[in-house]
Amino acid sequence: MRRSLLLAPLAAALVFTGCSKATTAAAAAPKGPVMPAGVTAVSIAMGDSIFNATGAPCQRCHGQKGVGGQNGPSLVAGPWLHSTGKYEEIVATITIGVPRTALKDQTRRFPMNPRGGPMNLTDDQVKAVAAYVYSISRARQ
Ligand code: HEC
């Protein structure tokens, strides 16, 4: 909401002055409800490639597109286990990981390592992959 209030006059001004970049930026923005700051078409796409890359840890445990796998819960359905699903909380979960003692399902074989384990994701990569998780899961309760 805040973003659209801020951007509307700006976009109008740019269109008015004939700047074609404004139209391009608007077309690339995700459709539907306004996303939290940090969740953009670009960050979602970057997160998608980190999450779903062949052999990448995220998809090995959570399944391709986060639908759930043997060693990780679904990220697209079911109740949130470690937060209320806010973007900043997802960033925190991925940064910190889920230590064994915090697992909701104690029969799981592995905990979740911080920052994708061996991937050792940078802050920007964590934010991008969190944006992707948010985008596939924001309909969850
Ligand atoms: C070794 C397997 C494994 C890997 C690799 C892994 N996860 Fe997880 N993930 C888990 C487990 C297990 C949980 C917690 C399940 C539980 O508490 O029972 C979890 C929880 C989560 C949650 C919290 C879900 C909720 O409902 O609150 C998010 C978000 C998440 N993972 C994202 C990721 C992302 C993004 C990556 C890659 C950077 C990743 N995971 C890599 C196993 C994994």
Side-chain angles (χ1 to χ4, degrees), residues 1-17 19-141:
M1 195 49 84
R2 220 175 77 219
R3 172 180 285 192
S4 62
L5 285 176
L6 287 173
L7 287 182
L10 177 67
L14 289 172
V15 168
F16 186 70
T17 54
C19 174
S20 60
K21 273 197 180 142
T23 334
T24 317
K31 295 190 171 52
V34 175
M35 298 285 188
V39 182
T40 64
V42 171
S43 65
I44 292 170
M46 181 177 162
D48 186 345
S49 61
I50 294 170
F51 192 101
N52 292 304
T54 312
C58 311
Q59 61 89 22
R60 279 220 319 272
C61 286
H62 291 283
Q64 273 287 323
K65 310 266 178 210
V67 296
Q70 205 181 344
N71 294 322
S74 170
L75 299 174
V76 302
W80 287 99
L81 302 171
H82 294 279
S83 73
T84 64
K86 288 198 184 73
Y87 171 61
E88 295 75 17
E89 294 176 317
I90 300 172
V91 171
T93 303
I94 298 167
T95 305
I96 299 162
V98 181
R100 182 167 292 285
T101 51
L103 290 174
K104 299 288 179 217
D105 178 352
Q106 284 289 324
T107 68
R108 290 203 178 278
R109 219 170 135 206
F110 306 108
M112 179 165 107
N113 288 324
R115 296 180 184 271
M119 288 190 104
N120 196 16
L121 301 171
T122 64
D123 285 353
D124 282 351
Q125 288 172 323
V126 168
K127 285 182 193 161
V129 87
Y132 172 71
V133 170
Y134 181 88
S135 78
I136 59 174
S137 63
R138 71 196 150 83
R140 289 165 67 194
Q141 300 156 357

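Residue numbers start at 1 and run along the sequence shown. Just so it is clear, the model here is predicted, and its values are computed rather than measured. Counting convention: from 1, in listed order, for ligands and their atoms alike.
- The atoms of ligand 1 that sit less than 4.0 Å from any heavy atom of L121 are 38 (C).
- Without hydrogens or angle criteria, R100 side chain to R109 main chain gives a donor-acceptor distance under 3.5 Å.
- Looking at F110 next to ligand 1, no N or O pair under 3.5 Å apart turns up.
- The environment of CD in Q106 is crowded: more than 12 heavy-atom neighbours from other residues, nucleotides or ligands sit within 6.0 Å.
- Only backbone heavy atoms of P111 (N, CA, C or O) come within less than 4.0 Å of ligand 1; its side chain stays farther off.
- Side chain of Y134 to backbone of V91: no donor-acceptor contact under 3.5 angstrom is found.
- The W80 neighbourhood of ligand 1 comprises atoms 25 (C), 26 (O), 27 (O), with distances under 4.0 Å to a heavy atom of that residue.
- Close approach of ligand 1 to G116 is summarised as follows: ligand atoms under 4.0 Å from at least one heavy atom of the residue are 38 (C).
- Excluding waters, the protein N/O/S atoms found under 2.8 Å from atom 8 (Fe) of ligand 1 are H62 NE2, M112 SD.
- The residue from I50, V126, L81 that puts a heavy atom closest to atom 25 (C) of ligand 1 is L81.
- Under the ring-ring contact (aromatic ring centres under 6.0 Å, His included) criterion, F51 pairs with Y132, not counting sequence neighbours.
- For the pair H82 and ligand 1, the shortest N or O to N or O distance falls below 3.5 Å.
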Give the C-alpha distance, both sets of side-chain angles, the deciding distance and a yes or no for side chain to side chain contact (heavy atoms under 4.5 Å, CB included) between V98 and K104. CA-CA 9 Å; V98 181; K104 299 288 179 217; over 6 Å; no
Practice task
Evaluate the criterion side chain to side chain contact (heavy atoms under 4.5 Å, CB included) for residue pair R115 and Q125; output intermediate values, then yes/no.
Solution key: CA-CA 9 Å; R115 296 180 184 271; Q125 288 172 323; over 6 Å; no
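- Contact annotation: N113 has no heavy atom less than 4.0 Å from any atom of ligand 1.
- The nearest protein atom to atom 15 (C) of ligand 1, hydrogens excluded, is given as R108 NE, 3.5 Å; this is a heavy-atom distance.
- Inclusion of D105 in the set of residues having an N or O under 3.5 Å from an N or O of ligand 1 is warranted.
- Of all the heavy atoms in L103 and R108, the pair that sits closest is CD1-CB, 4.1 Å.
- The protein heavy atom nearest to atom 42 (C) of ligand 1 is N71 O, 3.4 Å.
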